[in-house]
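Inspection log for the structure reproduced underneath, given as structure tokens.
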There are 2 protein chains.
Amino acid sequence: MPYSYEYPRPALSVDCVVFAVDLDLKVLLIERGLEPFLGSWALPGGFVGMRETTDVAALRELEEETGLANVFLEQLYTFSDVERDPRERVVSVAYYALVKPALVTGGTDASQARWFSVNDLPELAFDHSAILGVALERLRAKVRYQPIGFELLPGKFTLGQLQRLYESILGRELDKRNFRRAFLRMSILEELDEMEAGVSHRPSRLYRFHRAAYKRLVKQGFNFEI
Amino acid sequence: MPYSYEYPRPALSVDCVVFAVDLDLKVLLIERGLEPFLGSWALPGGFVGMRETTDVAALRELEEETGLANVFLEQLYTFSDVERDPRERVVSVAYYALVKPALVTGGTDASQARWFSVNDLPELAFDHSAILGVALERLRAKVRYQPIGFELLPGKFTLGQLQRLYESILGRELDKRNFRRAFLRMSILEELDEMEAGVSHRPSRLYRFHRAAYKRLVKQGFNFEI
DNA sequence: CCAAAAGTGTTGAAACTACACCCATGG
DNA sequence: CCATGGGTGTAGTTTCAACACTTTTGG
């Protein structure tokens, strides 16, 4: 006899802000096929089932609506304004996802999804602009003190790519020598015996994020920081 | 005709982790008067109404259950494990609150609330131990890069109090000279023409957090960090 | 040979760590 | 006069910011 049964409940949904870096920072949006906001762009998302956590719901909706799977996903914030959905009361648990470049082109099959540069966004349905704003803020803050940037790069990458990634997220240029020194000093990058190929300039050495080394350092009290 | 009407919904609740510093870091808990977990200690919280945001619900529940009002409150995380409540599916938006010392003694009138040191906690109902753990982790991280520590001190405080606050949250000792230098260098403290009184040692100068100065600095790109 | 990005060192300023003694008050 | 916390300076080390030229490749 749970006493909450007697009361009406808000509906519960999830929304996902999916980031990728192509040349600059991009977000994946869906064109709505239903009222309200029919034809508007919106974040992928949907309602939470009775037998799934919100994490699982977010992954499920992401795959259903965009075909993306195996992405980095983290809870962002819960949005609960009473009027945020014109139909009825809906509380939404927002997530942000980070997607590697390989999935950007191949991943979003036959759907009505499209990547938009964060510097050139359309108007969004519901309060999705606000959600996206919070996600951007979080990404910009978090990339500086957690090594999540690697989730937006291929497994093997050059220091140039890594630097351009940081520049596109932080929105400002960084000094090449200082950037390299800072990253290499941390010793969380594995230097590979492999070079970039097929580029019309001096090829760059490839690196890989050394997750085990990072975890070891964290245990010793190390703090990632850029 | 919102399509979500057709589906059952999880219940939605809020839970609050209320922190204060007395001698060490403390958390406010409630002794449950209802099944399940009757007699256990639990976080203050309750169900979210149809016409209130989760923020408002958290403040309301906090006042109803503990008498506390005018506290610093921030959303923590949303917990949605399917089995987290044995009665039925309940998704809970967790908050953490920071309370100034004056409210610790006076605030919690006639209720079954009690402060516990975080180093000596009882077993908690539901998944409240996990929520508390996340809150502690967040507080420890956040106190280092946002000036929220002041929410746990009186308006006027000594540098000694401030240092002991940081020591009790971070759980380690800090060097007095370095700590003072670091804080004073930021110039976000207003030095008052007023001394501590009634102590049986050399009285300390009082300071106040200078919120306006802090905001000005943030606009210029300043990053608080301890 | 041109264009394009890779790669590399130094210097001065600022911040960080570790550390020990005297001061003012109440009891 | 004792106990208690308040208050202060320095030296060595590390980190940070700013800055320019040579190298290697493809076309």
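Every chain is numbered from 1, with letters handed out A, B, ... down the list of sequences.
- Comparing dA18(C), dA5(C), dC23(C) by their nearest atom to the side chain of Asn178(B) picks out dA18(C).
- In the set dA5(C), dG7(C), dA24(C), the nucleotide with an atom closest to the side chain of Arg205(A) is dG7(C).
- In this structure, Arg181(B) reaches the bases: a heavy-atom distance under 4.0 Å links it to at least one base atom across the strands shown.
- Distance from the side chain of His201(B) is smallest to dT25(C) among dC19(C), dT25(C), dG26(D).
- Looking at the side chain of Ser204(B), the nearest of the listed nucleotides dT4(D), dG7(D), dG9(C) is dG7(D).
- Along DNA chain D, the nucleotide nearest to Arg202(A) and the one nearest to Thr158(B) differ in position, and the one closer to the 5' end is contacted by Thr158(B).
- Across dT25(C), dG7(D), dA5(C), the shortest atom-to-atom separation from the side chain of Pro203(B) is found for dT25(C).
- The nearest whole Å value for the distance from the CD atom in Gln163(B) to the C1' atom in dG7(D) is 12 Å.
- Residues Thr53(B) and Asp81(A) have side chains that never bring a donor and an acceptor to within less than 3.5 angstrom of each other.
- Phosphate contact (OP1/OP2 of dG7(C), side-chain N/O of Arg180(A), threshold under 4.0 Å): present.
- Phe183(A) and Tyr166(A) have their aromatic ring centers within a separation under 6.0 angstrom.
- A centroid separation of 6.0 Å or more is found between the aromatic rings of Phe222(B) and Phe224(B).
- Nearer the 5' end of DNA chain D, as judged by each residue's closest nucleotide, is the contact made by Asp175(A), out of Asp175(A) and Val199(A).
- To the nearest angstrom, P of dA6(C) lies 12 Å from CG of Leu162(A).
- Following rounding to the nearest Å, Phe179(A) (CZ) and dT15(D) (C1') show an atom-to-atom distance of 17 Å.
- Checked against the 6.0 Å centroid criterion, the rings of Phe150(B) and Phe157(B) qualify as a close aromatic pair.
- For the pair Phe157(A) CZ and dA6(C) P, the computed distance is 14 Å after rounding to whole Å.
- Among the atoms of the strands shown, only primed sugar atoms or phosphate atoms (P, OP1, OP2) are found under 4.0 Å from some heavy atom of Arg185(A).
- Taking atom CD of Glu173(A) as the reference point, atom P of dC19(D) lies 13 Å away to the nearest angstrom.
- For the pair Leu159(A) CG and dT24(D) P, the interatomic distance rounds to 18 Å; values are reported in whole Å.
- Separating the CG atom of Leu206(B) from the P atom of dG5(D) is a distance of 17 Å, rounded to the nearest angstrom.
- Following rounding to the nearest Å, Leu184(A) (CG) and dA6(C) (P) show an atom-to-atom distance of 13 Å.
- When distances are taken from the side chain of Lys176(B) to each of dG9(D), dG6(D), dA6(C), the shortest belongs to dG6(D).
- By the 30° and 60° cut-offs, the orientation of the rings of Phe116(A) relative to Trp41(A) is perpendicular.
- With the nearest nucleotide of DNA chain C identified for both Gly198(B) and Tyr207(A), Tyr207(A) has the one nearer the 5' end.
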